[in-house]
Amino acid sequence: MIRFDNVTKLYPKQNRPALQDVSLEIERGEFVFLVGSSGSGKSTFLRLILREERTTHGQVHVLGKDLARLSNWKVPHMRRQLGTVFQDFRLLPNKTVAENVAFALEVIGKPRGQIRKTVPEVLDLVGLSGKGERMPGELSGGEQQRVAVARAFVNRPMLLIADEPTGNLDPQTSVGIMKLLDRINRTGTTVIMATHDQQIVDQMRRRVIELELGRLVRDQSRGVYGYQH
Amino acid sequence: MRAQFVFSEIGVGLRRNLTMTFAVIVSVALSLALFGASWLMGKQVDTMKGYWYDKVNVSIFFCNEVDAETSPNCEKGAVTAEQKKEIQDDLKALDVVESVQYESSEQAYKHYKEQFGDSPLASSLTPDQMQESFRVKLTDPERYEVITSAFAERPGVQEVQDQRNVLESLFNLLNGMTYAAIGVMALMLVVAIMLIVNTVRVSAFSRRRETGIMRLVGASSVYIQLPFIVEAAVAGLIGASFAAVLLVGGKHFLIDNWLADKILLINFIGWDEVIRVLPLVVAIGLLMPGIAAFFALRKYLKV
């Protein structure tokens, strides 16, 4: 599904690499937590998977493709197989919930009939049935994040990338989002989630990958957020 | 689906940057109107050249009794019949000469009367004051020097005159005006391009949220960029149609209804030239902003 081979990422004008010699593999259907303090390289890790950045050394394979050899014009097609969710939701404030989800389908040229059918289905799935005509501003943070998850999942991606999806939410709402991500994972979608939320990681007991100053320091199946520190 | 989506995006974009769009339209309209005008001016000069060069020729003026006293070239007195015959034979032997026409002093007097009528100077003239001349038509008007060098010093010749010289200064003036118009056009074009680049930048910035999401969900770069490019092209097209209206109006009101009545000696360019330049104006108005937007997007919109 995803393979990092001795990946080093050095940003220009920076002495320390954001990622240094990271090698790991993530299998289809896994649920992976990516933990580490700020500046440990979590975001760079995710950006490399999305091919928003390219490696300085080493290779990243996503869905069986070497991203270094993927030409620019093929990148959008690759991204259609990935879903992304962010801490700040990234919804369009002037579109309704349903339109926000439909937007993801419109811009990749899906036919109108399919959009009409799929959008309510996926809103159902995330627990927002009946709220399709609401504006994002009228919803709570947890509901807005559900819209974002719906938009990320509406294409039925192979891989869902979540960058601190519960970062702006209270613990109770966070649990709801995690249950949703867990359910998505159970449909066979691989989920990679960067987080600072110790409680969630400890509760879920999934694979944990910890980065520290750009190095892979822990890769543990059924892990916890951290050792005592 | 796709088309509808793109068009709704364009409408939103154009309205959002109304002032910028307006500035783009005006600058494109002015630069294209100047482009068309200088093009047509060039055509006008060509038309006039064709018309006048057909009519003008090199004139060899002969000395008459009056010149013998006043002109230094005619110290040996008025031209004789042998001299004229000799010159005519020599002219006919030359390759560049197409035809030679003799104008007697009587004919010259008549022409002068026709042209200047009853002016005081004309009424004081007598036929024997006018000069006899050969009107020489050349196969290649550019080579009039051949005639000048061969005949200017001949006995009995007062002067060899190339009538093109008179027109040449007029054409130089018109050409100068054309170049000035091209210069202003180039400047306006640069202004238009800078405005378009800036408009695209503002537009891309105000829509960075949408484009960011489009990028994440895997919209192709064409799909993300097309609304911006078409937006610029639509503004350019509106500008181009204003320019077209200006050109057609200029031809109708300025040339047909005004200049053509005032200046009868010049034949002006016809509608065919105007119609020929319009598609060019529209094509440039459509392509130039589109291409400028495309390159601006490479810089300001990450895809």
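Excluded from the calculations below are hydrogen atoms, water molecules and symmetry mates; all remaining heavy atoms, backbone and side chain alike, are included. Each chain gets a letter, A, B and so on, in the order the sequences are listed, and its residues count up from 1.
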Using a 4.5 Å cut-off on heavy atoms from C-beta on, say whether the side chain of Val222(B) contacts that of Trp73(A).
no
Is there a side-chain contact between Leu216(B) and Glu52(A) (heavy atoms, below 4.5 Å)?
yes
Can you tell me if Phe268(B) has over 12 outside heavy atoms packed within less than 6.0 Å of its CZ?
yes
Atom pairs and distances, side-chain donor-acceptor, residues 272-290 of chain B, under 3.5 Å, sequence neighbours left out:
none

For Arg28(A), look at atom CZ and say whether over 12 heavy atoms of other residues, nucleotides or ligands are found less than 6.0 Å away.
no
Which atom pair, heavy atoms only, marks the closest approach of Arg209(B) to Pro93(A)?
NE-CD, 3.7 Å
With heavy-atom distances below 4.5 Å as the criterion, would you say the side chains of Ser220(B) and Arg80(A) are in contact?
yes
Would you mind checking which part of Leu105(A) comes under 4.5 Å of any heavy atom in chain B, side chain (CB onward), backbone (N, CA, C, O), both or neither?
neither
Would you call Pro76(A) and Arg215(B) a side-chain contact if the rule is heavy atoms closer than 4.5 Å?
no
Could you check whether atom CZ of Phe205(B) has more than 12 heavy atoms from other residues, nucleotides or ligands sitting under 6.0 Å from it?
no
What residues form a ring pair (Phe, Tyr, Trp, His ring centres under 6.0 Å) with Phe35(B), not counting sequence neighbours?
none
Do side-chain atoms of Tyr223(B) reach the backbone of Glu106(A) as a donor and acceptor pair under 3.5 angstrom?
yes
May I have the step-by-step check of side chain to side chain contact (heavy atoms under 4.5 Å, CB included) for Met214(B) and Ile108(A), ending in yes or no?
CA-CA 8 Å; Met214(B) 287 164 94; Ile108(A) 60 172; over 6 Å; no
Side chains of Val107(A) and Glu210(B) in contact at under 4.5 Å (non-hydrogen atoms):
no
Is the CZ atom of Arg16(A) crowded by more than 12 outside heavy atoms at less than 6.0 Å?
yes
